[in-house]
Amino acid sequence: MQVNDNRMRVGEVIEKIGAEVLCCMDSLDKEISLVIASDLMSEVLTVNDDNILLVSGLSNLQLVRTAEMLDIPAVIIVRGKDVTNEMIELATKKGIILAKSADSMFTVCGILHDAGLISVS
Amino acid sequence: MELRYEIEGGDFTAAGNCSSDVKMALKKLGVRPEIIKKAIISLYEAEVNIVAHAYKGIALVDITTDRILCNLTDEGPGIEQIDLAMKPGWSTASQRVREMGFGAGMGLPNILKNCDKFKISSVVGVGTIVEFEVIIK
């Protein structure tokens, strides 16, 4: 299991990335310390860590479901992808922060790396 | 507690409903979070497998104080070579399934990794049965 003592508030992460929060704005004090960046939900489901931020260019309902199953508190959707109302509704119901960035996955990950976050194991 | 769910093949909107419901049930029962995670990851993988590959299926979840037992039986094309299907990275998923973010060939190996007992059987042209157990104590 991966551990990173460098925890950040989700609100602070979103500010650094310049992402737009789509739901659960009252939960931005939640903390994360590890990141997984992937478009493959199959890959994300093999992760065994806690306090994770999920970064993905996949914008569909199963992105939110995957976050739900793994207790992932926040998801950043990159590449300016459209986010459906269904996704926002499900994320709101499950208390998962959804945010959207127009930047590429590479750029967003670079910012997160520079901020001291590290990858899941 | 016994729970039963019908799963429709190809319905990626409903995929996860069964696992989500079971997750809530386990939380209400006070099962430890790390056990819930193992059970729910396994169940979600199995549920998505039915949506991705089969025509339809039934998920039966039996929860006691000792263990969570899940049986997912589907009607579908079946699996020709189970030993290959159990290999990480091996997949017969369609392009549509891959576009949904699945089909990387990690599902069955991931179930095996997260559960304590696992059984799979299949008849080509009929369907597949996946059964697994996660021990609570």
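Proteins get letters first, then strands, A, B, ... in listed order; numbering begins at 1 in each.
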Participant: Would A/M25 and A/I14 show up in the same hydrophobic cluster when neighbours are defined by side-chain heavy atoms closer than 4.5 Å?
Facilitator: yes
Participant: For the interface with chain B, which of A/T46, A/V44, A/L40, A/D39 has the highest count of heavy-atom pairs at distances below 4.5 Å?
Facilitator: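 The candidate making the most pairs under 4.5 Å is A/T46.
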Participant: Between B/E34 and chain A, with a heavy-atom cut-off of 4.5 Å, which part of the residue counts as in contact: side chain, backbone, both or neither?
Facilitator: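 Contact with chain A involves no heavy atom of B/E34 at all.
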Participant: Is the number of heavy atoms from other residues, nucleotides or ligands within 6.0 Å of CG (B/D66) greater than 12?
Facilitator: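 Yes - once you tally the heavy atoms of other residues, nucleotides and ligands closer than 6.0 Å, there are more than 12.
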Participant: My understanding is that only residues two or more places apart in sequence, or in another chain, count here; which of them pass side-chain contact (heavy atoms from CB on, under 4.5 Å) with B/L84?
Facilitator: B/Q81, B/K87, B/W90
Participant: If every non-hydrogen atom of B/G103 is compared with every non-hydrogen atom of A/S42, which pair is closest and at what distance?
Facilitator: N-OG, 3.6 Å
Participant: Same cluster or not: are B/V134 and B/M1 linked, directly or through other Ile, Leu, Val, Met, Phe, Trp or Tyr residues, by side-chain heavy atoms under 4.5 angstrom apart?
Facilitator: yes
Participant: Can you say whether A/L45 sits under 4.5 Å from chain B via the side chain, the backbone, both, or neither, judging by heavy atoms?
Facilitator: both
Participant: At under 4.5 Å between heavy atoms, what parts of residues 93-102 of chain A are in contact with chain B? List them by residue number.
Facilitator: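 From residues 93-102 of chain A, the residues near chain B are A/K94.
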Participant: Is it true that B/V130 and B/I82 fall in one hydrophobic cluster, defined by side-chain heavy atoms closer than 4.5 Å?
Facilitator: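 The answer is yes; both residues are in one hydrophobic cluster.
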Participant: Do other residues, nucleotides or ligands put more than 12 heavy atoms under 6.0 Å from the CD atom of A/E15?
Facilitator: no
Participant: Is A/K30 atom NZ crowded by more than 12 heavy atoms from other residues, nucleotides or ligands, each under 6.0 Å away?
Facilitator: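 Check passes, neighbour count above 12.
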Participant: Could you please state which residues from residues 60-79 of chain A sit under 4.5 angstrom from chain B, measuring non-hydrogen atom to non-hydrogen atom, sorted by number, or 'none'?
Facilitator: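 Result: A/N60, A/L61, A/Q62, A/R65, A/T66, A/E68, A/M69, A/L70, A/D71.
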Participant: Are there residues of residues 7-19 of chain B whose heavy atoms fall under 4.5 Å of chain A's heavy atoms? If so, which?
Facilitator: B/F12, B/T13, B/A15, B/G16, B/N17, B/S19
Participant: Rounded to the nearest 0.5 Å, how far apart are CG of A/L58 and CE of B/M100?
Facilitator: 7.5 Å
Participant: Take atom NZ in B/K56; do more than 12 heavy atoms of anything else shown fall under 6.0 Å from it?
Facilitator: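 No, the 6.0 Å shell around NZ holds no more than 12 heavy atoms from other groups.
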Participant: Applying a strict under-4.5 Å side-chain criterion to I, L, V, M, F, W and Y, I'd like to know whether B/L3 and B/L29 cluster together.
Facilitator: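 The answer is yes; both residues are in one hydrophobic cluster.
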Participant: Find out if a path of hydrophobic residues (ILVMFWY) with successive side-chain heavy-atom gaps under 4.5 Å connects B/I58 to B/Y5.
Facilitator: no
Participant: Taking 4.0 angstrom as the limit, do A/D50 and B/K37 come out as a salt bridge?
Facilitator: yes
